[in-house]
Amino acid sequence: MNIRTVSEKIDLSPTTLRYYEEVGLIPPVNRNESGYRDYDEIDLEWVNFAKCMRETGISIDVLKEYATLAQQGEQTEMQRKQILIEQQGVLDQKMQVLRDTHAFLDKKIATYEQHAKQMERIFKN
């Protein structure tokens, strides 16, 4: 698959895809006879993984470390697992903040609704 097809399929710009490869967030992508990137299914899995992890807020450096470890093989599985566990903890914290914020907004909205009902009663009388 060429970079444009991957870009559309994964919803990342070609510039971002090139950047991910350049900084080592994904392994080097094979090139065709003309020198253009030729993504295969494994490349797509890497791009999807990198995109997903970036959406969790993982730093470029940590994701780069993960990719480097993955390319070293099975002997780094525990280190990679630990990186994922730590990122999951960060994500859990962010989700709790979002839940707390959502609950706060529920209360604020309820206050406005209660106020509107009081005003409606006042104007009816």
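As a basis for the values below, the full set of heavy atoms in this structure was taken, side chains included, without hydrogen atoms, waters or symmetry mates.
Looking at Val97 and Asp100, their side chains never come closer than 4.5 Å, going by heavy atoms from C-beta outward. The shortest distance between side-chain heavy atoms of Tyr19 and Ile60 falls below 4.5 Å. Residues Leu84 and Tyr66 meet the side-chain proximity criterion, which asks for heavy atoms closer than 4.5 Å. At least one side-chain heavy atom of Lys9 sits under 4.5 Å from a side-chain heavy atom of Met1. Asn2 places none of its side-chain heavy atoms less than 4.5 Å from the side chain of Asp38. Looking at heavy atoms from C-beta onward, Ile83 lies in side-chain contact with Leu69 at the 4.5 angstrom threshold. Side-chain contact check for Glu21 versus Leu17: every heavy-atom pair is 4.5 Å or farther apart. Residues Met119 and Ile122 form a side-chain contact, since some pair of their non-hydrogen atoms from C-beta on lies under 4.5 Å apart.
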Between Lys124 and Glu120, is a salt bridge (charged side-chain N to carboxylate O under 4.0 Å, His left out) present by the stated rule, with each step listed? CA-CA 6 Å; Lys124 280 185 178 179; Glu120 188 177 306; 3.6 Å; yes

Could you walk me through whether Glu45 and Phe49 pass side-chain contact (heavy atoms from CB on, under 4.5 Å), step by step? CA-CA 6 Å; Glu45 288 177 22; Phe49 176 75; over 6 Å; no

Does the side-chain contact (heavy atoms from CB on, under 4.5 Å) test come out yes or no for Val90 and Lys94, once each step is laid out? CA-CA 6 Å; Val90 169; Lys94 287 180 180 183; 4.0 Å; yes

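With respect to His102, the side chain to side chain contact (heavy atoms under 4.5 Å, CB included) criterion is satisfied by exactly one of Leu105, Leu98, Asp106: Asp106. Among Leu12, Leu63, Val29, Thr15, the single residue meeting the side chain to side chain contact (heavy atoms under 4.5 Å, CB included) criterion with Tyr20 is Leu12.
Atom CZ of residue Arg31 and atom OH of residue Tyr39 lie 8.0 Å apart, to the nearest 0.5 angstrom. For the atom pair CD1 (Ile42) and CG (Asn30), the distance works out to 9.5 Å, reported to the nearest 0.5 Å. The CG atom of Asn32 sits 11.0 Å away from atom CZ of Arg37, with the distance rounded to the nearest 0.5 Å. The line from OG1 of Thr56 to NZ of Lys51 is 13.0 Å long, rounded to the nearest 0.5 Å. Note that CD1 of Ile109 and CD of Glu113 are 7.0 Å apart. Values are rounded to the nearest 0.5 Å.
Residues Tyr36 and Ile3 do not share a hydrophobic cluster, defined by chaining ILVMFWY side chains whose heavy atoms lie under 4.5 Å apart.
Between Pro28 and Asp43 the shortest heavy-atom distance is O-OD1, 4.4 Å.
For the residue pair Asp92 and Gln96, no side-chain donor N or O sits within less than 3.5 Å of a side-chain acceptor on the partner.
Of the possible donor and acceptor atoms, none in the side chain of Arg4 sits under 3.5 Å from a partner among the backbone N and O of Glu8. Side-chain atoms of Thr76 do not come within 3.5 Å of backbone N or O of Gln79 as any donor-acceptor pair.
By the neighbour-count criterion of 12 heavy atoms within 6.0 Å, atom CZ of Arg18 is densely surrounded, having more than that number from other residues, nucleotides or ligands. Taking a 6.0 Å sphere around CD of Gln118, one finds it holds more than 12 heavy atoms contributed by other residues, nucleotides or ligands. The environment of NZ in Lys64 is sparse: at most 12 heavy-atom neighbours from other residues, nucleotides or ligands sit within 6.0 Å.
Ion pair Glu77/Lys81 not flagged as a salt bridge, since none of the NZ, NE, NH1 or NH2 atoms sits closer than 4.0 Å to an Asp/Glu carboxylate oxygen.
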